[in-house]
Amino acid sequence: MIRFHNVSMRYPGGREALHQLTFHAAPGTFHFLIGHSGAGKSTVLKLIYRAEQPAEGTVVINGRNVERMNRAQLPALRRDIGVVFQDYKLLYDRSVFDNVALALEISRFDPSKIEGQTTRILDYVGLKERMYENPIALSGGEQQRVAIARAIVNRPALVIADEPTGNLDRDMARRILALFDALHRQGTTVLVATHDLSLARELGHPCFPLRDGRLLTPEELRENPLEETAC
Ligand SMILES: Nc1ncnc2c1ncn2[C@@H]1O[C@H](COP(=O)(O)OP(=O)(O)OP(=O)(O)O)[C@@H](O)[C@H]1O
């Protein structure tokens, strides 16, 4: 689960990126975080996995208060969060298989089960046949699926994704979102940040509409139903 209470965030030397955000995503729900470029979507995700800390407010993830955690507590937090980055962040000096298996090694998964689990997840995302290739040889959509496999291989309770369909054509974007939807149906909490309202609407999950670092209230949406943020 995700709970933000009055969260504000300012980058050093920058303007306020988020202003008094309050929202709650209950366990097992699927939400979109919708907003234009610069609205603050990536910043929200960074606060969830504690790459950044809020200036004010509280962030509770899977029942743990994140902004008060010390360095030693972060690995346990991050083991429970699968993060799919906007630019994939794959390692291009090793195979698709090794990219995914590494996530299990880092989370101290039973070594005798790493090969089986990695192969199963790559099969799930449709890449079993390509698993010994270098990710550089894969298309954008395929690389995105490697990134998803890596994020979900140790079965985190929460999966967050930053513009996972940003560089993909419509068909591949739908396939990627279908993977997140399948995870959600298995009980995973999912938060997908996107500027693509029409794609989000196709799945019909609720949205958190973000504009200029603020969440729009239902009243604001009703009064000013801007096409790019109204869900
Ligand atoms: N490292 C940083 N230093 C200073 N300002 C930053 C930094 N990262 C983001 N910002 C600013 O914070 C605001 C929110 O940025 P953020 O990246 O969260 O938006 P976004 O909705 O994810 O945009 P995009 O869809 O383009 O990735 C923007 O005004 C941005 O310029």
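One-based numbering, in listed order, for ligands and for the atoms of each.
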Among the clusters formed by ILVMFWY side chains lying less than 4.5 Å apart, do Leu102 and Tyr49 turn up in the same one?
-> no
Step through it carefully: locate the ring centre of His5, locate the ring centre of His24, and say whether they are under 6.0 Å apart.
->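 No, the ring centres sit 6.0 Å or more apart.
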Cut-off 3.5 Å, side chains only: do Arg170 and Ser198 have a donor facing an acceptor?
->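 Looking only at side-chain atoms, Ser198 and Arg170 do form a donor-acceptor pair, the distance falling under 3.5 Å.
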Go through the structure and list residues passing side chain to side chain donor-acceptor pair (under 3.5 Å) with Gln117, not counting sequence neighbours.
-> Arg120
Partners of Phe180 by ring-ring contact (aromatic ring centres under 6.0 Å, His included), sequence neighbours excluded?
->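 None.
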Contacts of Phe23 that satisfy ring-ring contact (aromatic ring centres under 6.0 Å, His included) - sequence neighbours left out |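 If we apply the ring-ring contact (aromatic ring centres under 6.0 Å, His included) test to Phe23, skipping adjacent residues, the hits are Phe4, Phe208.
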What does the list of residues with a heavy atom under 4.0 Å from ligand 1 look like, ordered by chain and number?
->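 Residues within 4.0 Å of ligand 1: Tyr11, Arg15, Ala17, His36, Ser37, Gly38, Ala39, Gly40, Lys41, Ser42, Thr43, Gln86, Glu163.
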